[in-house]
Amino acid sequence: MRIATWNVNALTVERMDRIVGWLDIAQPDIVCLQETKASDTGFPAMVFHARGYASVHHGEGRWNGVAILSRVGLDDPVSGFADGEPPDDEARLVTATCGGVRVSSVYVPNGRAVGHEQFRYKLRWLARLRSHLQADAAPGPVAVCGDFNVARDDIDLWSPAAFVGDTHVTPEERAAVDELEAYGLRDVFRERYTGVGGLFSWWDYRAGNFPNHKGMRIDLVLMSSDLADRVRWALIDRNARKGSKPSDHAPLFVDVDPPA
DNA sequence: ATGGTCGCGCAGCGA
């Protein structure tokens, strides 16, 4: 079973062509999308349906927006946090059961600048994600996939010096993701490429950063151990970042023996 | 060269 995550940076016409073309080539079974920037009524569910994918979308229109596509079933969808607290103002989380896996598509707030109100929101949001996972917990494997806007280690940066004092790399942000690992989720891509640098999932559009290999690894697939132990391989599909009108993120996919 | 490019939506902000 192939599980993918991709921050697509809006579902423009050109971007939809890319996504559909990528589905045809990569043949993922489950896809978590972020930054659809679509309303729920504007989400092109029929395009995905025609390719054999059921879908759930949680959107707000101009900004954010997350979705899950699945061709191995899609049940019990939940939009946003399931912790019983007041709903988040922004559409950044959607959860569903696909192929026996409880899958969440997450778009963690960017944080804007260290100390900014949006930075505090980011830290609160990551803490609340853990509460959500605990509240949503049921027996069986879990996969939390998406744009975490956190580079977990300096090896996930093209240049650690370039990010001193910036968001995405602070101890507080990294600790917030470590808390998810303490809860029992594993960064399965990094497990397969221990100590290997230069493996990025996002590149700034500006200044030729992509051809110059100036990127960050901020998109993650976190899996519960029962699933992480069954991973066969993982790949960031850098080819999908090439050419005209790309997203600024590349898709990450993980192949796993399906749960028993 | 301390900027650069996108998307949204029609100015300028957010990433």
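The figures here come from the full heavy-atom set of this structure, side chains too, leaving out hydrogens, waters and symmetry mates. Reminder, nothing fancy here: chain letters follow the sequence lines and each chain counts from 1.
- Taking atom CD of Glu60(A) as the reference point, atom P of dG9(B) lies 11 Å away to the nearest angstrom.
- Rounded to whole angstrom, the span from the OH atom of Tyr121(A) across to the P atom of dA15(B) amounts to 10 Å.
- Contact between Ala207(A) and Asn212(A) at its shortest, heavy atoms only, is O-ND2, 3.7 Å.
- Spacing between dC13(B) and dG3(B) at atom P, rounded to whole Å, works out to 16 Å.
- Atom CD in Glu35(A) sits about 14 Å away from atom C1' in dT5(B), given to the nearest Å.
- For Trp202(A) and dC6(B), the CH2 to P distance is 13 Å, given to the nearest whole Å.
- Between dC10(B) and dA1(B), the two C1' atoms lie 30 Å apart (nearest whole Å).
- Taking side-chain N and O atoms only, Arg206(A) has no distance below 4.0 Å to OP1 or OP2 of dC6(B).
- With both ends at atom P, the span from dG14(B) to dG9(B) equals 14 Å, rounded to whole Å.
- The phosphate of dA15(B) has neither OP1 nor OP2 within less than 4.0 Å of any side-chain N or O from Lys37(A).
- A salt bridge does not link Arg2(A) to Asp29(A): none of the charged nitrogens lies less than 4.0 Å from a carboxylate oxygen.
- You'll find that the side chain of Arg15(A) is closest to dG7(B), out of dG7(B), dG4(B), dA15(B).
- Rounded to an integer number of Å, the gap from His249(A) NE2 to dG14(B) C1' is 13 Å.
- Nucleotides of DNA chain B nearest to Leu11(A) and Asn110(A) differ in position, and the one nearer the 5' end is that of Leu11(A).
- When the C1' atom of dC13(B) is taken as reference, atom OH of Tyr205(A) falls 16 Å away, rounded to whole Å.
- Side chains of Asn7(A) and Trp202(A): a donor-acceptor N/O pair is absent below 3.5 angstrom, by distance only.
- For the pair Arg241(A) and Phe210(A), the cation-pi criterion (under 6.0 Å, within 45° of the ring axis) is fulfilled.
- Between the CG atom of Asn9(A) and the C1' atom of dC6(B) there is a distance of 7 Å, rounded to whole Å.
- Closest to the side chain of Arg62(A), out of dG7(B), dG9(B), dA15(B), is dG9(B).
- Arg241(A) has its CZ atom 13 Å from the P atom of dT5(B), to the nearest Å.
- Rounded to whole Å, the separation between the C1' atoms of dC6(B) and dA11(B) comes to 16 Å.
- Using a cut-off of 4.0 Å between Lys/Arg side-chain N and Asp/Glu carboxylate O, Arg102(A) and Asp76(A) are scored as not salt-bridged.
- Each of Ala10(A) and Asn149(A) was assigned the nucleotide of DNA chain B with the nearest heavy atom; the assignment lying further toward the 5' end belongs to Ala10(A).
- Note on Ser247(A): nothing from the nucleic acid sits closer than 4.0 angstrom, heavy atoms only.
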